[in-house]
4 protein chains.
Amino acid sequence: MQPVDSGDEEAKRSFIEEARRGQIVRAAVETIAEEGYARASFVRIAARASVSPGLITYHFKTKERLLRQVLEYVDARLDRAMEGGPEPLTGFEDGLRRIVTGHVMHCSLHPREMAVRQEIGGADVPAPVREWIARGEEAGRAEMVGFLTEGQGHGEFRTFDPEVFTDALFAALNHAPARLRRRPPEEHEDYARELARLFAAAATGREPSD
Amino acid sequence: MQPVDSGDEEAKRSFIEEARRGQIVRAAVETIAEEGYARASFVRIAARASVSPGLITYHFKTKERLLRQVLEYVDARLDRAMEGGPEPLTGFEDGLRRIVTGHVMHCSLHPREMAVRQEIGGADVPAPVREWIARGEEAGRAEMVGFLTEGQGHGEFRTFDPEVFTDALFAALNHAPARLRRRPPEEHEDYARELARLFAAAATGREPSD
Amino acid sequence: MQPVDSGDEEAKRSFIEEARRGQIVRAAVETIAEEGYARASFVRIAARASVSPGLITYHFKTKERLLRQVLEYVDARLDRAMEGGPEPLTGFEDGLRRIVTGHVMHCSLHPREMAVRQEIGGADVPAPVREWIARGEEAGRAEMVGFLTEGQGHGEFRTFDPEVFTDALFAALNHAPARLRRRPPEEHEDYARELARLFAAAATGREPSD
Amino acid sequence: MQPVDSGDEEAKRSFIEEARRGQIVRAAVETIAEEGYARASFVRIAARASVSPGLITYHFKTKERLLRQVLEYVDARLDRAMEGGPEPLTGFEDGLRRIVTGHVMHCSLHPREMAVRQEIGGADVPAPVREWIARGEEAGRAEMVGFLTEGQGHGEFRTFDPEVFTDALFAALNHAPARLRRRPPEEHEDYARELARLFAAAATGREPSD
DNA sequence: CATGAATGAGCGTTCATTCAT
DNA sequence: AATGAATGAACGCTCATTCAT
């Protein structure tokens, strides 16, 4: 869902450097998730990682680069989770529902990571990061539009503007972490199924079967 | 859509004080909408209002209080616009569609004000403001849940979790300003109708008639 | 000797702002002269002015702008001092000697200010300041080259490359503050006269008369 | 021109240690010359030497000691170059002119090394280095004063204060690298000759013969 | 009522130096 | 002999807020 940042000179990193980078990225995720992006200063992230603030700059050079790593970390895990289960899709409606449930359940399992996406998305992030996020979102959006259009071509989906549908769907998915936070974990699966039924009904114009 | 901030000692305010407060609130709206919440410092808001920064504190005491007034101003205008047109509702589906189109068209007509709601919603706002926003949202949410439940009781809406539906609907409505910004104004009405059809289909489980 | 920074929007400043700006500029001069440019941080300058560091940014916006004011202050005083005494010049040699003695005596009377020019000239100053200094120096150099060429035209100076002469003269003048610092003040006038005789001899190829 | 740093415990150094030290010193010279003293951090010098920053401290203990070695390296090469050509001096004026041309031509042939002397001389160098430089300069100055006094004793030089003359001469020589940088290399020899004629005229009070 | 000068904490980043490996 | 990870203080600058006028 995010562009591969191939071409950057990350090159070979020592084992211990990789470990520290991971530790700092995870500390940044925690800090942003729990204190908010605006409070996620190097001092606070460093404190959470039990490390000096200078070390963050040492490993990431700039805050922008750290943010990029944070987003890559979060999105990589999301992408992996979204790759779909082993059972074959029975159709486009099934595909749409799996996208929704997959995303929501990932939010349930990794609430802090997913909260970070929202925090950063809405915050006063450096311009290059904002553009990088926008490019990633645009790619995801295009993929979804293509999927919906295909479903319409197969007659499985009703006639609607796939762009508008994608806007609504992504808005709902992005807000999922905030809403799940207010519900006990045992309800999350129901939440996922309900949201999937909602968008299935919206896409097909039929009462969802299940 | 926002709770009345009853209990605060706004009491008696001179005419000129009210004028100044309004001027500053409008300047704050413009500043947040055009430069973003993070850049909306007292100095910049004051400059836009052609006023000294100290005057803002004089009239509002803290930034938190100014933000509250900004949100009250914006939400009051939104609430007024959402009160519905003169023609009587033909049913719950019609009501739902009017909520969606009304909100979207308000975003189209007053993009800066609506952008402010989003900016502030996602930003590093003081905790009391965050809570105040949450209370306001909860009230709106409850109203919507009631409406949907009633529609289900009348058999006009299919069976679904009204809370989940409300989450998805409000998420889509709150993102509308950001999405409309990317489209020419003449398409906004289509956007509103499409989004309304989407949620109508989701609520009824039927192909929307119009 | 420095370009007029006309065109900047310094506009009308309140009396007390002008006073504070002057106080800060003088504190900066003292700090640079006594601790060196590298140690002239906002914190230290502010301490010397008995003021908070934030106030410097408040009045000057950036360090670059403060430096510019410092240089303007110093150069304005130097230029005024160099305008020459009341007695008419008796010739080009006399003119050259007055330039030298005028400059050296100014260094004697205002050693800290003149030390600042050297400190800043040799330091890791922001690029725009460096360019501004360079433009000012180039203007002074051109004036001197013109003066020397004219003196050669009148046959009062021997044949030499005026550019090279100017380089040597300005180098010597710029180092004067450092050298005077090592001598008791009562010798400064002798120093000035000796340096003037040196360059008079170099320019005329004759034993200086006085 | 620089005092022997006798008394330091450089003592016995292995061959490979000497090699490393030389490599680092040369990297420091390049870094200071091309990026300026202020940008010549251990990290950058180490990168240029393809070495780790820790190694610099390992070999030199402190930045101050590295700077000392840098200056010794540069000054040693300058001293060797200044030792004068094979032809015997024809007199004091000849000696003076050879000093000037020798120095200027060395600046032309080794501009980076000579730029380093200036960079360090004017920068925020640690106090002990500044003192060490001062001692070195004082030694050179004393030598020059002696030479000039002797020339006056032989009647070849006019009556002037040798200290003042030395100040002016050294100032001009130290600024030579900066001025040469602005001229094409083929003019450097002319520059050297012109500067030599200037100081010859200043010293003798006569039109230079050549 | 209104000004705008003033504060001081906090920000991201750089740096010489240390030290475990 | 050499690495490079790690530290912590200092930097210029921004900000909400205070207060003398």
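Just so we're on the same page: letters track the sequence lines, and every chain starts at 1.
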Legend entry - Selection from E/dT18, E/dA16, E/dG12 that lies nearest to any side-chain heavy atom of D/Thr57: E/dT18
Inset, instruction - Using a heavy-atom cut-off of under 4.0 Å over every strand shown, decide if D/Ser41 touches base, sugar-phosphate, or nothing. - result: sugar-phosphate
Legend entry - Non-hydrogen side-chain atoms of D/Glu137 and D/Ile133 separated by less than 4.5 Å: yes
Legend entry - Minimum-distance nucleotide (side-chain atoms of C/Glu17 versus F/dT3, E/dT7, E/dA5): E/dA5
Legend entry - Length of the CD1-P vector between D/Ile24 and F/dA2, whole Å: 8 Å
Legend entry - P gap between F/dT21 and E/dC1, integer Å: 23 Å
Inset, instruction - Look at A/Glu113 together with A/Arg117 and state whether they make a salt bridge at an N to O cut-off of under 4.0 Å. - result: no
Inset, instruction - Give the rounded distance in Å between these two atoms: NE2 of D/His59 and C1' of E/dT18. - result: 16 Å
Inset, instruction - Provide, to the nearest angstrom, the distance between the CD1 atom belonging to B/Ile56 and the P atom belonging to E/dC1. - result: 17 Å
Inset, instruction - For F/dT3, give its Watson-Crick or G-U wobble partner with both distances under 3.5 Å, or none. - result: E/dA20
Legend entry - Residue closer to the 5' end of DNA chain F, B/Gly54 versus C/Ala40 (nearest nucleotide): C/Ala40
Legend entry - Contact nearer the 5' end of DNA chain E, comparing C/Leu55 with A/Pro53: C/Leu55
Inset, instruction - Establish whether the base of E/dA5 is bridged to the side chain of C/Tyr58 by a donor-acceptor pair shorter than 3.5 Å. - result: yes
Legend entry - Distance test, side-chain N/O of C/Thr62 to OP1/OP2 of F/dG12, below 4.0 Å: no
Legend entry - Any donor-acceptor N or O pair under 3.5 Å, side chains C/Thr31, C/Arg48: yes
Inset, instruction - Rounded off to whole Å, could you give me the CG-to-P distance for the D/Asp124 and F/dA10 pair? - result: 14 Å
Inset, instruction - May I ask you to evaluate whether D/Arg20 reaches the phosphate of F/dA1, defined as a side-chain N or O under 4.0 Å from OP1 or OP2? - result: no
Legend entry - Side chains of A/Val51 and A/Arg20 in contact at under 4.5 Å (non-hydrogen atoms): yes
Inset, instruction - Look at all strands and tell whether C/Ile16 reaches a base, only sugar-phosphate, or nothing, counting heavy atoms closer than 4.0 Å. - result: sugar-phosphate
Legend entry - Check ion pair B/Arg68-B/Glu64 (N to O, under 4.0 angstrom): yes
Legend entry - Between C1' of F/dA10 and NZ of C/Lys63, the distance in whole Å: 11 Å
Inset, instruction - Whole angstrom is fine here: how far is it from CD1 in B/Ile45 over to P in F/dT14? - result: 17 Å
Inset, instruction - Let me know the distance between CG of C/Leu66 and C1' of F/dC11, rounded to the nearest Å. - result: 15 Å
Legend entry - Base-pairing assignment for E/dG8 (Watson-Crick or G-U wobble, both under 3.5 Å): F/dC15
Inset, instruction - Report yes if at least one side-chain N or O of C/Ser52 is closer than 4.0 Å to OP1 or OP2 of E/dT7; otherwise report no. - result: yes
Legend entry - Whole-Å distance separating the CZ atom of A/Phe42 from the P atom of E/dT13: 5 Å
Inset, instruction - Taking all heavy atoms of A/Phe60 and all of A/Arg65, pick out the closest pair and write down the distance. - result: O-CB, 3.1 Å
Legend entry - Contact under 4.0 Å: D/Arg44 side-chain N or O vs E/dC15 OP1/OP2: yes
